[in-house]
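A quick note: this is a predicted structure, and the numbers were derived from the prediction, not measured. Start at 1 and go down the list; that is how both ligands and their atoms are numbered.
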Amino acid sequence: MVMRGGYWPEQPPVSSKISLPVPAFNFPDPGPSPQAGLPMVIYPTIQFYDGRMANHMWVQEIPDPMTQATWGGWLEIHPETAGKLGIKKADLLQVKTDYGTIRIPALPIYTVPEGVVAIPAGQGHSNFGRFANGLPGNPFELLAPDIDPVCGAILRQGLNPEIEKTGETFDIANTDGSFFQHGREMAVTISLEERNAMAASGQKPQIYYPLPDGYEKSKDFYPRQMYKEYRWTMVVDLDRCIGCGACVAGCYSENNVAVVKREQVLKGREMSWIRVQRYFDDDGKAAKWLVMLCQHCDNAPCEYVCPIFAPHHSQEGLNNQIYNRCFGTRFCSQNDPYKVRRFNWFTFTRPGSLKWQLNPDVTVRQKGVMEKCSFCVQRIIEAKLDAKVKGRERVRDGDFTTACAQTCPTGALIFGSLLDPDSRVSKLINDVRAYQVLAHLNTKPAVIYLKRVTQKITV
Ligand code: SF4
Ligand code: SF4
């Protein structure tokens with residue numbers, strides 16, 4: 001009885017009315033700004049908040065969800081406004097108010113409306129720690145030394161700083177190649193009405209199954225892959241994804257993914273196995289995210305080009321990378337249409353005690369070796385051993401999941417085997433929203449996406 005939490009006699013439900021006094025706030029009119037520049041917003045970021053998280057290497061390395069920038073602050077300005085002012089990406093700007101001056105690089109982007117600029121809080125430290133120090137720029141230096149008399153918070157509004165180009169540049173280490181999808185339909189949306197109509201008509205999604213059934217003699221050159229026990233698959237529900245990047249952090253932690261820092265990110269050498277790609281609509285007014293990782297293709301273009309068979313197709317559908325075969329030709333990366341393979345240009349090490357952070361179940365990689373998402377193969381092996389020890393023939397759906405799926409706060413990532421007809425993934429791939437990225441390439445990806453649902457909002 002005590003172990004179950006104790007005993008309480010049944011009580012009849014009681015109804016009561018609650019009314020709380022709502023305080024009347026009178027926000028003082030800030031009056032005309034003392035400066036004549038563009039209105040500026042300082043905002044806390046999902047990664048650094050007010051800056052307290054800035055000395056964490058993963059948080060610096062994982063791209064900001066909206067700007068996709070890493071390692072340092074930036075000033076966001078709408079591309080139209082930037083064009084009118086002759087400001088280009090990476091122009092180092094001097095931003096000045098009555099209270100302070102900072103130097104920060106410009107980032108023309110659609111995250112702000114025309115005529116407004118924004119700076120994320122949290123960067124620009126000089127004496128915090130090895131990962132935070134020396135990066136631009138701290139917008140708190142621009143603020144008046146006052147607090148809001150009404151709510152007691154730092155006074156951040158009413159800033160119209162003078163903004164001038166310094167003539168210097170400071171490159172922004174962002175990881176996005178483009179703002180737009182260029183008609184390739186990678187991150188796909190569907191209206192609620194369309195989704196409901198498709199569901200009502202019993203329409204099935206067009207999926208090229210990563211299973212023997214997914215092959216057609218007229219289309220397929222290579223023989224079908226045969227599976228006996230499992231076909232590991234991931235479903236990514238884009239309607240649940242909020243672009244937070246927690247899945248990326250979970251993967252860094254689980255899989256000993258190297259942190260390469262700003263200089264290498266600028267050269268496109270980041271090592272993340274999973275990334276959250278942001279795309280703006282063509283008019284720049286809305287953004288959406290696409291979680292991208294190795295698709296563990298059934299018909300994997302990376303496997304056929306390796307001269308030494310380092311990318312290997314397992315009997316459970318995993319596209320394994322055999323590190324001690326790989327000698328770094330990078331043909332696989334060139335042939336991978338999803339660009340999820342990562343090459344170790346150096347042997348990246350962890351400073352000081354951070355080496356104790358390494359997961360002993362996952363091999364560390366060295367210079368000259370290709371790597372990528374393994375669908376957390378170490379967890380698959382552990383789950384199979386566990387099932388055996390417990391006398392079960394197979395791993396059951398839900399016995400384990402990948403690190404990214406475990407970390408996702410919204411449950412957007414679902415992992416399981418397609419050979420289990422009752423698994424969540426087997427059911428979800430028949431959802432009318434299901435689709436595969438770059439399906440026309442006939443790679444038969446084992447990562448199936450569910451389209452994001454859009455709704456008209458009437459106010
Ligand atoms: S997504 Fe790229 S790396 Fe992964 S199996 Fe397909 S082709 Fe290979
Ligand atoms: S999949 Fe989940 S963890 Fe990853 S960005 Fe989307 S919401 Fe965040």
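Geometrically, R262 engages F170 in a cation-pi contact, judged by NZ or CZ lying under 6.0 Å from the ring centre and within 45° of the ring axis. Geometrically, R379 does not engage F400 in a cation-pi contact, judged by NZ or CZ lying under 6.0 Å from the ring centre and within 45° of the ring axis. For the pair K444 and Y215, the cation-pi test (distance below 6.0 Å, angle within 45°) is passed. W289 does not carry R278 over the face of its six-membered ring by the limits of under 6.0 Å from the centre and within 45° of the normal.
Within ligand 2, counting atoms from 1 as listed, the ones closer than 4.0 Å to a heavy atom of T410 are 7 (S). Within the listing of ligand 2, atoms 6 (Fe), 7 (S) sit less than 4.0 angstrom from a heavy atom of I242. Atoms of ligand 2 found under 4.0 Å from any heavy atom of V276 (numbered from 1 in listed order, with element): 5 (S). Within ligand 1, the atoms closer than 4.0 Å to a non-hydrogen atom of K372 are 3 (S), numbered from 1 in the order shown. Residue contact check: G243 has heavy atoms under 4.0 Å from atoms 5 (S), 6 (Fe) of ligand 2. Taking every non-hydrogen atom of P409 and a distance limit under 4.0 Å, the qualifying atoms of ligand 2 come out as 3 (S). Close contacts of ligand 2 with V291, meaning ligand atoms under 4.0 Å from a residue heavy atom, involve 1 (S). The contact set between ligand 1 and P301, taken as ligand atoms under 4.0 Å from a residue heavy atom, comprises 7 (S).
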Could you go step by step and tell me if F179 and Y279 meet the ring-ring contact (aromatic ring centres under 6.0 Å, His included) rule?
CA-CA 5 Å; F179 288 153; Y279 294 108; over 10 Å; no
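The side chain to side chain donor-acceptor pair (under 3.5 Å) with N344 is formed by just one residue from the set E371, R269, R365; it is E371. Screening V257, L293, V340 for a side-chain contact (heavy atoms from CB on, under 4.5 Å) with W273, the sole residue that qualifies is V257.
For C247, every N, O or S atom stays at 2.8 Å or more from atom 6 (Fe) of ligand 2. Distance check for C294 against atom 4 (Fe) of ligand 1: an N/O/S atom falls below 2.8 Å.
Ranking the protein heavy atoms by distance from atom 6 (Fe) of ligand 2 puts C241 SG, 2.4 Å first. The shortest contact between atom 1 (S) of ligand 1 and any protein heavy atom is with Q295 N, 3.2 Å. Nearest to atom 8 (Fe) of ligand 2 among the protein's heavy atoms is C244 SG, 2.3 Å. Protein heavy atom closest to atom 2 (Fe) of ligand 2, with residue, atom name and distance, is C408 SG, 2.3 Å.
Only the side chain of R341 comes within contact range of ligand 1, with a heavy atom under 4.0 Å; no backbone atom does. By the criterion of a heavy-atom distance under 4.0 Å, the side chain of A300, and not its backbone, is placed next to ligand 1.
Side-chain contact check for E76 and W74: at least one donor-acceptor pair (N or O, by modelled atom type) lies under 3.5 Å. Side-chain contact, D220 with N442: a donor N or O sits under 3.5 Å from an acceptor N or O. For the residue pair E303 / H313, a side-chain donor-acceptor distance below 3.5 Å is found, with atom types taken as modelled. Between the side chains of T443 and Y208, no donor N or O sits under 3.5 Å from an acceptor N or O.
Across C297, G317, C332, heavy-atom proximity to atom 5 (S) of ligand 1 is greatest for C297.
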